[in-house]
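Remarks on the structure that follows.
The sequence lines fix the lettering, A, B, ..., with proteins before strands; numbering per chain opens at 1.
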Amino acid sequence: MSTPDAKRTPLHEVHAELGAMITEFAGYLMPLRYGSESAEHQAVRTSAGLFDLSHMGEIFVTGPQAGAALDHALIGHLSVLGVGRARYTMIVNSAGGVLDDLIVYRLAPETYMVVANAANAATVRAELTERSAGFEKAAVDDRSAAYALIAVQGPKAQAVLAKLTDAALADLKYYAILPGKVAGIDALIARTGYTGEDGFELFVGAGDAVAVWNAVTEAGGEDLRPAGLSARDTLRLEAGMPLYGNELTAETTPYDAGLGRTVKLDKAGDFVGRAALAALADTPPGRTLVGLVGRGRRVPRHGYDVVTPDGTPCGVVTSGAPSPTLGRPIAMAYIDAGHADDTDLAVDIRGKHEPVDKVALPFYRRTS
Amino acid sequence: MSTVPETLYYTQEHEWVTEPSDGVVTVGITAHAADALGDIVYVSLPQEGASVEAGEPCGEAESTKSVSDVYSPVTGEVVAVNSAVEEDPAAINSDPYGEGWLFRVRTDDDPADLLDAQAYSKLIEEA
């Protein structure tokens with residue numbers, strides 16, 4: 001199953017003790033689920049879940065020109081980001097194809113933390129280094145190995161975390177970050193996540209990961225359960241959030257994915273991908289990312305064709321799963337231009353055409 | 001560790017099958033297979049009266065992460081299907097050798113020709 005050189009997070013032994021089913025993901029041995037993934041999903045929707053995301057990359061860009069370097073390297077406008085705030089953005093190639101989607105946190109006027117997907121962290125580090133070469137007063141430093149990332153997500157996340165910190169959690173806005181102590185341990189506390197729920201992401205030293213995990217587990221008691229990558233995937237899919245490798249690839253532009261708002265063409269100066277993206281900005285994309293809900297019970301999955309009533313392929317499923325919240329199969333799919341408004345689509349599920357309804361994303365939106 | 005009841009026979013594809021009773025065997029999927037799939041959310045089964053063939057797919061089980069075929073361990077005619085698990089497949093995970101049974105087949109095959117508990121235990125240990 002796993003390659004011999006698969007990496008372990010600082011929490012690997014904890015997962016093993018919890019009896020997690022382990023899977024290899026992006027070169028790391030990660031918990032897929034601890035017990036029932038549906039129960040883990042429901043815990044995050046209704047109470048709280050605890051995730052090990054230590055495989056994610058933390059790449060620091062620092063110095064007086066850090067903001068300018070990021071403005072050049074990424075499609076977002078990071079030099080105007082307030083200290084203590086975060087922004088969802090992307091790094092693209094010169095053709096506008098997405099190399100990764102990122103969250104960038106501005107920790108101090110001259111300190112940014114770029115959080116990359118594990119599978120792309122090396123690419124992001126290399127591209128940031130190369131793209132910032134012209135900015136003498138900016139330095140790129142990959143600190144992924146030094147950090148563990150622990151997420152507490154769900155409507156009770158704040159109540160659980162409040163038992164362990166004096167930090168002003170209630171005042172911490174969505175997409176904001178502040179330094180604080182969690183269980184007496186230095187942490188960066190961010191109100192970000194990938195579940196569609198309120199919640200926090202805790203960046204802590206790799207050597208402190210077990211202590212923080214155990215403290216959150218104890219504070220959470222019955223209200224919190226550990227949750228694996230399987231639940232994380234169904235949670236983000238219900239929330240309509242893209243996954244790199246599925247909805248986003250180097251052959252996808254931000255416009256294809258319906259994320260044109262992340263392309264800041266109005267920022268000053270050139271940036272990698274500007275010319276290609278500017279040319280695409282006013283052209284309808286050749287395909288559109290849509291949400292699909294199955295009328296039956298069979299599940300459209302990654303790579304399955306979307307077809308018209310006569311069976312002609314007109315799109316492809318990028319992600320699909322049985323939705324625990326909706327109780328129906330859901331999927332995201334790219335539909336070719338000209339078919340985006342079709343109302344009689346089906347998905348070819350292993351040779352049988354199963355009817356689906358096109359719906360607006362997200363599938364799930366939290367009420368409070 | 002998954003349980004492997006001594007009294008049943010098993011296939012390489014992780015189905016279990018009982019000794020025949022009046023020429024009828026009961027079929028399900030093993031605890032090992034159910035654990036590997038994760039929470040099963042949907043199972044499709046052959047219809048009553050359908051002919052099934054040993055080693056051929058006759059249904060499918062969908063979980064959060066994947067879908068897998070259900071194979072018939074024997075050749076014969078389906079005489080009963082577990083409509084309760086078609087409605088709610090949770091029992092396949094919680095009680096794979098009991099309430100989670102899938103279908104019954106009238107067959108001339110001898111399940112003893114399949115893997116016994118010891119051989120199946122070895123198979124899943126090596127997996």
Suppose a student defines contact as a heavy atom less than 4.5 Å from any heavy atom of chain A. Which residues in residues 70-94 of chain B would they list? B/Glu86, B/Glu87, B/Pro89
Quick one: which residues of residues 96-118 of chain B reach chain A at under 4.5 angstrom, heavy atoms only? none
Is it the case that the side chain of A/Glu37 and the backbone of B/Gly38 share a donor-acceptor pair, with hydrogens and angles ignored and the cut-off at 3.5 Å? no
Side chain to side chain contact (heavy atoms under 4.5 Å, CB included) evaluation trace for B/Thr64 with A/His41: CA-CA 11 Å; B/Thr64 303; A/His41 179 111; over 6 Å; no
Step through the shown structure and confirm whether more than 12 heavy atoms of other residues, nucleotides or ligands are within 6.0 Å of CZ on A/Arg8. no
May I ask you to check whether over 12 heavy atoms, not counting those of A/Asp310, lie within 6.0 Å of atom CG? yes
Within residues 230-241 of chain A, the residues sitting under 4.5 Å from chain B by heavy atom, in sequence order, are A/Ser230, A/Asp233, A/Thr234
Residues 343-358 of chain A vs chain B, non-hydrogen distance cutoff under 4.5 Å, contacting residues -> A/Arg350
Cut-off 4.5 Å, heavy atoms of chain B, and the answer for A/Arg33 is side chain
If you tally heavy-atom pairs under 4.5 Å against chain B, which of A/Ala321, A/Pro322, A/Gly327 wins? A/Pro322
Output the distance between atom CZ (A/Arg298) and atom OG (B/Ser44), rounded to the nearest 0.5 Å. 6.5 Å
